[in-house]
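First the structure, in the form of structure tokens, and then the observations on it.
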Amino acid sequence: MKYSLERALFNYTQNLKKTYWVIVQLIVGCAVIACCLNYSISSGERYIELMSHIEPNQYRIDAYVKNINADNDYPAICYSDYIELSALVEDADLSYIAYGVTLTEKLFYLVFADSCHYTKLGLTDNDCIYVGESVARFCGDEPCFLTTFCKLENDSIVLDNAAFSWEAFPAETEEKIVVEDLYSRNTLLIERCILIPAHLINHTMETSEEMLVTGLTFKIPDDTDIARIREIKERICLFLSDRHGDFEFAASGEQTSEIQSRMNDMKINYDSFLWISVFLMIIVALGTIGNALIILLKRKRSLVISLAVGATPRQLFLEFFCEVFLTIQTGILLGIIISIFVTPQLSDTFCVVKNHVFTWLIMITGGALTAFLVSAVSCLLFRTEPSRTIHGI
Amino acid sequence: MIEMVNVKKDYRLNGQNIPVLNDVNLRIDDGEFCAIIGRSGCGKTTLLNILGFMDSLTSGLYKFDGLDVSRTTAKEAAGFRQNKTGYIFQSFNLINGLTALENVAMPLGYAGVAKKHRTERAFELLMRVGLEQKIHSPVQKLSGGEQQRVAIARALAASPRVVLADEPTGNLDEENRDIVMNLLSDIHNAGMTIIMVTHDMELTRYAGRVLRMREGAIFE
């Protein structure tokens with residue numbers, strides 16, 4: 001057994017010295033396969049990365065006023081914006097959703113970043129909740145603050161006390177006292193909540209000329225065509241920019257486009273990758289079998305001589321198998337290493353995951369298994385008696 | 001030591017049985033130098049292959065050291081080739097790329113002998129055949145006569161019971177032929193059983209016993 005391994009290692013080093021062409025074919029094949037895998041994986045990982053920032057199946061356009069105190073007739077998004085934008089929405093024939101509540105329910109979500117906003121609506125501190133950043137910090141990542149812990153029942157909001165983490169407030173703060181007070185009453189009147197029904201906005205509109213809000217968020221159903229999203233985004237952007245000047249759009253719309261584009265790319269890549277993979281698998285399988293047979297042919301003489309001088313078939317199987325295995329694995333390994341350097345040069349969308357151990361493991365295991373199977377098949381085919389071959393060498 | 005009774009060997013070619021050995025009866029004792037002569041195609045090499053466990057017989061009885069070896073598995077045959085017989089080929093059949101020493105040590109390697117011991121043994125045998133200066137030479141760089149001497153050393157490596165030589169001088173010139181035959185004669189004189197197949201009548205003078213083969217049968 002030990003001698004067979006010794007012989008296999010010797011033959012393998014001879015292969016490396018002399019028959020480098022045996023592995024060249026594998027290097028190329030494996031490099032291309034590795035590139036394709038890398039491309040696929042990197043596309044997938046990029047997609048996952050994008051999706052982690054955005055809720056699945058929802059496209060968003062976020063619009064924020066850049067400077068709330070700007071000296072402008074319309075310093076921030078106001079109710080009139082809403083009216084105008086509603087018209088745009090209807091005109092665009094898109095079903096917009098404002099934080100999960102459709103416009104048909106006449107609900108509109110307003111985010112107050114400062115108490116001055118709702119005072120401009122004609123609401124007082126007694127009627128409305130100020131949820132500034134200091135409170136928001138303790139309420140999780142959602143920018144909609146208390147709505148996370150509320151549910152709408154008719155015209156009132158029922159607070160879910162259990163969901164709110166009072167322990168999150170480290171000390172007695174003004175905000176905490178306000179919020180505690182609100183929660184102590186358990187139920188809020190709708191006028192006192194940041195979630196304001198459209199009819200109330202209309203009512204407020206009658207008493208207060210302008211409503212001042214800092215931002216709008218449109219959620220667009222995922223079956224909406226990307227071109228339509230772009231179109232309506234442009235229209236909204238144009239409208240708000242003309243009106244407010246210093247206006248900023250968040251990137252979620254861009255992310256949406258990128259995701260859509262990436263998904264389309266991935267579909268194309270996946271289809272082409274599938275075909276390329278099948279094609280390459282055939283080439284590599286043939287190459288592997290070819291290499292095994294070449295090695296078998298090259299070693300046939302020595303194997304038969306070894307058989308004649310007393311080697312057992314098992315010893316020869318091991319010798320041949322190890323040689324084929326080592327040679328093919330060298331090709332695969334070199335192919336993978338080359339692919340690490342080759343892949344990024346092929347396209348800027350390629351993102352090689354150099355430390356993607358799992359991928360390499362699959363590839364190496366796959367290569368090893370292929371080599372094993374091919375070697376085994378070749379060895380099974382190699383069923384000969386020494387006398388028949390030795391004189392015909 | 002070797003006994004064959006009514007041994008037959010057929011090869012199958014294109015659906016037809018081609019008889020090669022026909023009722024071969026043979027008995028070779030320990031320490032004999034036996035030459036088997038005959039024309040090409042009469043079955044000499046086939047007989048030698050069967051004697052050397054490199055081929056199987058179709059029917060009949062083959063006894064080696066009193067043991068019936070007519071039907072052996074591949075593993076058993078390998079064991080016999082390893083321990084009982086040493087084979088010398090007409091075309092030397094050395095492994096190119098290996099040195100003379102490595103070629104001679106090869107059967108011992110497959111027999112599981114440790115590297116140190118097999119190297120010592122190979123060196124000893126190469127000295128015996130007069131190639132101590134060429135032990136580290138790749139065999140492909142040796143002359144025909146030297147290669148055959150390496151092959152003889154290899155055949156003796158595992159201390160076999162019998163050495164089988166198939167036209168050992170077939171590829172050699174006259175000078176090397178004499179060297180090789182004298183070497184085989186020395187080995188025989190040291191007590192080794194040798195069975196040699198040849199079509200060269202001149203070589204029979206080295207043998208103590210000559211068997212003639214004609215159309216697959218043996219005649220004393």
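Not measured: the values here are computed from a predicted model. Chain letters run A, B, ... following the sequence lines, proteins first and then strands; every chain starts at 1.
The greatest number of non-hydrogen atom pairs below 4.5 Å with chain A, out of Ile95(B), Asn96(B), Asn83(B), is found for Ile95(B). In terms of non-hydrogen atom pairs under 4.5 Å with chain A, the most contact-rich of Leu94(B), Leu108(B), Val113(B) is Leu94(B).
The nearest pair of heavy atoms linking Ala78(B) to Pro313(A) is CB-CD, 4.4 Å. The two residues Glu319(A) and Tyr110(B) make their nearest non-hydrogen contact at OE1-OH, 2.5 Å. In plain terms, the two heavy atoms of Arg154(B) and Ile305(A) that are nearest each other are NH1-CG2, 3.4 Å.
For Arg12(B), the side-chain hydrogen bond (donor to acceptor under 3.5 Å, both in side chains) test picks out Asn17(B), with sequence neighbours left out.
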(message) Working note: Arg81(B) + Leu307(A), criterion side chain to side chain contact (heavy atoms under 4.5 Å, CB included); need CA distance, chi angles, decisive distance, verdict.
(response) CA-CA 8 Å; Arg81(B) 285 195 298 271; Leu307(A) 208 54; 3.8 Å; yes
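For CD of Glu215(B), the number of neighbouring non-hydrogen atoms (other residues, nucleotides, ligands) closer than 6.0 Å is 12 at most.
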